[in-house]
Amino acid sequence: MSEYVLRTRAIGKKYGANFALDNVSVEVKRGWIYGLIGLNGAGKTTFMRAVAGLIAPTSGDVELFGESGEAALGRGRRRMGQSIETPAVYPHMSAKENLEVQRILGGVPDRDAAERVLKIVGLTDTGSKKVRNFSLGMKQRLALAIALITNPEFLMLDEPANGLDPKGIIETRELMRRLAKEQGLTLLVSSHLLDELEQVATHYGILHKGKIVKHLSAEELSREMRRYLRIVTPDAPKTVALLREAFGVTDVKAVSKNEIRVYEQLGRVSEINARLVAEGIAVEGIGVAEQKLEEYFVALTGGDR
Ligand code: ATP
């Protein structure tokens with residue numbers, strides 16, 4: 001069994017003269033929650049549609065569960081669920097009735113499937129309430145339930161937190177975590193906000209103007225997001241040498257010719273400051289700082305938010 005649920009190789013999608021996707025290679029291993037992050041128009045939906053077979057890429061290829069080629073992709077797509085476009089629901093029916101329709105359309109023999117997915121998404125208490133009277137959060141849950149009715153191994157969700165209030169966003173995160181942990185699902189989830197998927201995604205791909213500009217794991221991201229002691233001085237090399245010698249600092253880097261980041265001994269700010277000054281180093285600024293997710297994202301995408 002392939003450890004890869006999804007692999008795309010250099011997918012491109014051209015609309016007229018514009019590339020909605022340009023050379024997009026993404027790998028998602030079994031058990032991952034892959035966060036596909038990009039601004040509006042970055043190409044997230046186009047990517048998911050290409051994986052789901054709703055559009056044909058102009059170039060490159062898609063592999064699902066370790067296999068590519070038309071027939072294998074057809075088989076692979078039956079093992080996945082997706083909520084990319086708003087699913088067609090019958091507004092005059094209840095959640096359960098809608099799911100029953102989807103169960104039959106999806107050829108799912110298990111008659112308890114609707115109850116099972118209602119429970120997973122937390123919609124069991126909606127009873128006979130008609131879908132047209134559902135809140136946005138409830139509709140999102142129903143869309144997720146529909147994606148789950150065929151019992152998929154791999155789930156793609158396009159902006160599941162869109163339009164939800166903070167409570168709804170937290171609940172959606174919890175649900176994604178549970179799906180991965182308890183149901184063993186692999187997920188690919190898109191968002192235009194990096195912090196929306198923080199602490200949920202195990203891996204990230206940052207998509208910008210149709211290109212993947214960065215791949216990284218959650219550990220790599222948190223390493224990049226660490227707190228650090230920021231020292232601004234025109235004397236960076238001397239400062240680094242002194243920090244190493246006098247304080248035994250090893251995890252330090254000069255990010256520019258006058259800015260140093262020290263990733264350890266953050267509690268010794270005043271002591272370090274006093275020593276630098278005593279050594280005749282001009283300290284123009286010193287303090288504990290933290291890279292913000294949002295800043296990081298803006299830096300990667302060139303700041304044209
Ligand atoms: P959003 O969150 O706003 O949907 P996205 O990251 O999902 O953004 P896409 O919807 O994939 O972005 O769109 C990527 C680019 O491709 C956009 O510039 C969009 O205008 C263009 N595009 C998408 N579908 C088509 C189409 N059918 N015809 C022409 N251009 C398209």
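Keep in mind the model is a prediction, meaning the values are calculated, not measured. Read the numbers this way: they start at 1 and go in the same order the structure lists the ligands and their atoms.
Atoms of ligand 1 lying under 4.0 Å from at least one heavy atom of Ala42, given by number and element, are 5 (P), 6 (O), 12 (O). The ligand atoms of ligand 1 that sit less than 4.0 angstrom from a heavy atom of Leu39 are 6 (O).
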Determine whether Leu243 and Gln265 satisfy the following criterion, side chain to side chain contact (heavy atoms under 4.5 Å, CB included), listing intermediate values before the conclusion. CA-CA 10 Å; Leu243 287 167; Gln265 310 196 28; over 6 Å; no
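Within the 4.5 Å cutoff, the side chain of Leu36 has heavy atoms near those of the Ile212 side chain.
Nearest protein heavy-atom neighbour of atom 18 (O) of ligand 1: Gly41 O, 4.0 Å. Of all protein heavy atoms, the one lying nearest to atom 24 (N) of ligand 1 is Tyr15 CE1, 3.4 Å. Looking only at heavy atoms of the protein, atom 10 (O) of ligand 1 is closest to Thr45 CB, 3.7 Å. Ranking protein heavy atoms by distance to atom 12 (O) of ligand 1, first place goes to Gly43 N, 3.1 Å. Among all non-hydrogen protein atoms, the one lying nearest atom 9 (P) of ligand 1 is Thr46 OG1, 3.5 Å.
Across Asp158, Leu207, Asn162, a single residue satisfies side-chain contact (heavy atoms from CB on, under 4.5 Å) together with Ser190, and that is Asp158.
Any N or O atom pair closer than 3.5 Å counts here, and Ala20 shares no such pair with ligand 1. Where the criterion is an N or O separation shorter than 3.5 Å, residue side chain and backbone included, Phe47 fails it with respect to ligand 1.
Remark: atom 14 (C) of ligand 1 lies closer than 4.0 Å to at least one protein heavy atom. Distance remark: protein heavy atom not present below 4.0 angstrom from atom 20 (O) of ligand 1.
Between the OG1 atom of Thr239 and the CZ atom of Arg275 there is a distance of 12.0 Å, given to the nearest 0.5 Å. Taken from CD in Gln82 to OG1 in Thr150, the straight-line distance is 9.5 Å, to the nearest 0.5 Å.
Considering every non-hydrogen atom in both Thr250 and Glu264, the closest pair reads N-OE2, 2.9 Å. Nearest heavy atom pair, residue Leu293 against residue Met225, reads CD2-SD, 3.7 Å. The two residues Glu100 and Arg103 have their closest heavy-atom pair at OE2-NH2, 2.7 Å.
Under the 4.0 angstrom criterion for non-hydrogen atoms, Asp158 is not in contact with ligand 1. No heavy atom of Gly38 sits closer than 4.0 Å to any atom of ligand 1.
Ring-plane geometry between Trp32 and Tyr34 is classed as parallel, the angle between the planes falling under 30 degrees on a 0 to 90 degree scale with a further cut at 60.
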